[in-house]
Each structure stands twice: as structure tokens, then as C-alpha cells.
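What follows is a single structure, written as C-alpha cells, with notes after it.
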There are 2 protein chains.
Amino acid sequence: MDAIPKLVTDLLMPGREGGYAKGYETRELILRTALHILIEEGYRAMSMRRIAAACGMRLGNLTYHYPTREDLVRELLNAVISSYEVEFGAIVQAPGLEPEERLTRLCSLIIEDIGSKKTTRLFPELWALANHDAFVYERVHELYDRARAPLVEIIAEMRPDLPEQDRLDVALFISASMEGLTVFAGYEMPFAQRLPAVEHIAIRSFIDIVRSFQPA
Amino acid sequence: MDAIPKLVTDLLMPGREGGYAKGYETRELILRTALHILIEEGYRAMSMRRIAAACGMRLGNLTYHYPTREDLVRELLNAVISSYEVEFGAIVQAPGLEPEERLTRLCSLIIEDIGSKKTTRLFPELWALANHDAFVYERVHELYDRARAPLVEIIAEMRPDLPEQDRLDVALFISASMEGLTVFAGYEMPFAQRLPAVEHIAIRSFIDIVRSFQPA
DNA sequence: TAATAAAATTGTCAACTGTCCTATTTTGGA
DNA sequence: TCCAAAATAGGACAGTTGACAATTTTATTA
């Protein structure tokens, strides 16, 4: 039913320092399994015992690798968010292309990612958590800052006349616009099948704003 | 610190049928308190005992009014979402005004609501819950359907030439665009103070899309 | 005011939670 | 091959959770 999950970029773990390879693999399995439960059943279902059981290991072993639940959650979110940072950092800026074309490709990639199961399920959890957890808040918005950076650059190229603050505001709006699609046209959302159409509308309108925005 | 909460429209409870007035008041207190905990501390903190304690009542009494936690959550979300439906249903369509002006006012109201603490905190919780709870999913998207309806109407007035599907897609994009602001410029979010500026950009761009959208 | 339905209290239950501690087994390098 | 470190297992702990039953108190109205 589901597409083949792209395991490679699901999580970006910090490199291992000390310890055996076995332990590192186990920690990877743990975080991957925790992420799976988070996506499939939500944050509430992601208990220590539930994770251990799904990993086929004992609770004692889980708490050996992650002494507290908070440790585990932090590492998990860190690894997940890092993988997104890499993903967006790897977006080829394709120098030589017109800025409009680069804007189109960038937004296209982001919006298509929003349609994926992982992103549709994960980010609402992150948003909810961020409202009551300073660590999550910091980490999530750090990610968004980085994801917005290339957008700001393109806007600067297209509109060198614009004050920096206005560029930032426009980039912020474009970024928020796309994120908002998650709830409506994300994976298994009521308008999932309209995502391509809405993507088209979105990108056209983004180009229009950047081209025609005039400071107050 | 916080603004005075507008208690009147926070919750819309179903009218009481049978039972004493006392009981009805108690149920109202329960839902109001549960909502407060949900907003201030998140879904995970909203346990039966926590709610009962915050109400100054015993757990037994809470389970008398709401036998299971699921009952309570359903009633709570139903009451909260109903109040939003009333709020948006009450938006005066101001006949006689230009459609552009009506679009501006409607979006302005919605975006300003997104800046409120209640909305900023509540909706991410709803989005996360909706991903793993069919009831929440249904109820949330029912709300969004209703909130989009006046938008579709205005677009129809401005663009009678447009096929219905295109109007719906445009309304969907505008609606999603605004919701996306929650995470970035909502209450206590990093760009909360940019909300007015972004609101301005958003509305200008919305008017532009509606005016100039051309089917593929 | 008395009768009675509703509301609220109190105590209990099994299941689950995160954390900790102590064996035991496994691993990989000397 | 041996051995110390690492990994895993197993059990125990106190606290929390949702649900429920028996009981007492309160509110409403006949």
C-alpha cells in the first residue's frame, strides 16, 4: 500500500564515539522504531515499553541506551530534524538558472515533500510538542530558518531593490503558505489529490508576490 | 500578562436535556478546565485526575459526568470546534461592499484569530490528534469546510468565469496559506510580531491570485 | 416539607508508566 | 585465547492512569 520508505534519509544520527558497532546499530533501530510509532500511532503511544517491544528487545536494554524518555525523544527529534536539514541543504541551487525557475523548483520540492506520509504525520506532532517544550520549539524553528534561507536568497536576486525586512517577510509568508498545505492536502488528507493543482496555484502566486511586492 | 479570555465563545456546549442546572454548570466547568490544560500544558497533561483536581472536584465525580476519557475528549473538541463554527458563521458578509473589500476583511479576521493564544495552541493539537483519530479528523475538516465556504462565495463573485473546481482550489490555497501562519507568526511564535506585516502581504497576494488566476 | 433523582465522595482495582539496579551474556581488541 | 568493556536481560520500585462500585450529600420539585 505505502510507497517504499526511503530509509537512508529518515534519520541522521550523530556519529558514534566509543562503544561497539552493535550498540550503534541498536540505537539506530530504536530511533527508527520510535519514529515509526510516532508516525503511525502518535506521540502518546510512543512509550518506552512500546518502543522496546516493537524493537524486539527488553526494556532494560532500551534504558541502557536511552536512560530517560526525555533523552530518547530529544535524540529522536534531533535525528529527524537533522535529516530534513540535510535534505533541504542538498537542494541544488542550479546556478545559471533563472531565479524564477529556481524558486519554482524549490517550492515544488517542498510541497511534494509535504505530501509524503512522514512529513504530513510528523510535523503536526512537532508543532504541538513545540508549544510546550522549549527544546522542540528551538529545534523546529532552527530547521525552518535554514529552510527559508535559500528562499530569501532567491528573493534577493529577484528584488535587489527591496529592503531586507520586506524580503524576510515575503519569504516567511511563502514558507508558511506551503506548510499550511500539510493539514489540507497532505498524505491522506481530504484534498490530498488536489495537491498538484494547489501546488501550481501556490507557485504562480509566489512568483507574483516576489515580482510585484511594493513596500507600504 | 495575558489578555482577558473571552469566556463567552470559548466553548459551545450542547443544550442540557434532563439533569439539574448544577450538573450542567459542572460539565461546563469541566470542559473549560480541560481546554485550559490542553492549551497551557498540552494533550498529554490533560489526564482525568489533572482535570478533576483543577476543577476542585474528585475523580469519581468527573467520571460520573464523563464516564470515559474518550467521552470527555469528544465533548470537549466538539464544543470547541462548534464555537469556532459560530464565530466564523457570524462574520458579517456586509452586502453592498465590494468583494475585494469583503475578502480583505474575512482574511483579516481569520489571520488575527490565528494570532490568539487559544488558536495558536489549540489547532496544532487538533492537527496532531486528527492524524490518529477519525472523529477529530472529521470534526476538524468539517470546520474547515464551513470556514472556506464564504471564501468560495467571494471568489465566485469576483470570478464568475472560473470553473467551480478552480474556485475551490484557489479557496483551498488561500485557506491553507493562512493556517500555515500559525506555526510561524502565531502567539509567542518567533515571528509573532511580523504578523501584521505578513497579513498585509498575504491579503494582497490573495486578491492578486483571485483576480488573475487562469486555468491551465 | 418530604420524596427522589442527580450530584459528589470515597475507596479500590488492574494495567501501565518511567526509572533504577543487579546479574548475565556478548563483543571485539590485546 | 583471554578479558575488560559493552550490551542485554530480568526484576523490582513507586507513581500514574482510566475505570468502577458503594455510599453519602445535595438539588429540585411534587
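Note: OH (A:Y66) to P (C:dG18) measures 16 Å, nearest angstrom. For the pair A:Y64 OH and C:dT19 P, the interatomic distance rounds to 18 Å; values are reported in whole Å. Spacing between atom CD1 of A:I30 and atom P of C:dG18 amounts to 14 Å, rounded to whole angstrom units. Atom pair A:I51:CD1 and C:dT17:P shows a separation of 10 Å (rounding to whole Å applied). Rounding to whole angstrom units, CZ of residue B:R27 and C1' of C:dA8 are separated by 13 Å. If you measure from atom CD of B:E70 to atom P of D:dA19, you get 9 Å, rounded to the nearest angstrom. For the pair B:K22 NZ and D:dA27 P, the computed distance is 5 Å after rounding to whole Å. Protein atom CE of A:M57 is 18 Å distant from nucleotide atom C1' of D:dG11, rounded to whole Å.
Listed candidates were D:dT8, D:dA19, C:dA8. Nearest to the side chain of A:N61 is D:dT8. The listed nucleotides are D:dC20, C:dA7, C:dT12; the one nearest the side chain of B:T63 is D:dC20. Each of D:dA6, C:dA7, C:dT12 was ranked by its minimum atom distance to the side chain of B:Y20; first place goes to C:dA7. You'll find that the side chain of A:R58 is closest to D:dG10, out of C:dT19, C:dT9, D:dG10. For B:M48, the side-chain atoms get nearest to D:dG18 when compared with the rest of D:dG10, C:dT9, D:dG18. Nearest to the side-chain atoms of A:A21 among the listed nucleotides D:dA19, C:dT9, C:dG28 stands C:dG28. Closest contact between the side chain of A:H65 and the listed nucleotides D:dA7, D:dA27, D:dC20 involves D:dA7.
Using a 4.0 Å cut-off between charged nitrogen and carboxylate oxygen, A:R16 and A:E25 do not count as a salt-bridge pair. With salt bridges taken as basic N to acidic carboxylate O contacts below 4.0 Å, one links A:E142 and A:R139. A salt bridge links A:E164 with A:R167; the closest basic N to acidic carboxylate O contact falls under 4.0 Å. Using a cutoff of 4.0 Å between basic side-chain nitrogens and carboxylate oxygens, A:R32 and A:E28 are scored as salt-bridged. A salt bridge is absent between A:E153 and A:R102; no separation between the charged side-chain nitrogens and carboxylate oxygens falls under 4.0 Å.
When every heavy atom of A:M189 is checked against every heavy atom of B:N131, the shortest pair comes out as CE-OD1, 3.1 Å.
Rounded to 10 degrees, the angle separating the terminal axes of the helix from C:dT1-D:dA30 to C:dA30-D:dT1 is 10°, with each axis obtained from five end pairs.
Among the heavy atoms of the strands lying under 4.0 Å from B:G60 is at least one base atom, whether or not backbone atoms are also near.
Put simply, the side chain of A:F173 reaches to within 4.5 Å of the side chain of A:I209, judged on heavy atoms.
Within the 4.0 Å cut-off from OP1 or OP2 of C:dT17, at least one side-chain nitrogen or oxygen of A:S47 is found.
A ring-centre distance under 6.0 Å is found for A:Y84 and A:F123.
If A:L59 and A:G56 are placed on DNA chain D by their nearest nucleotide, the residue sitting closer to the 5' end is A:G56.
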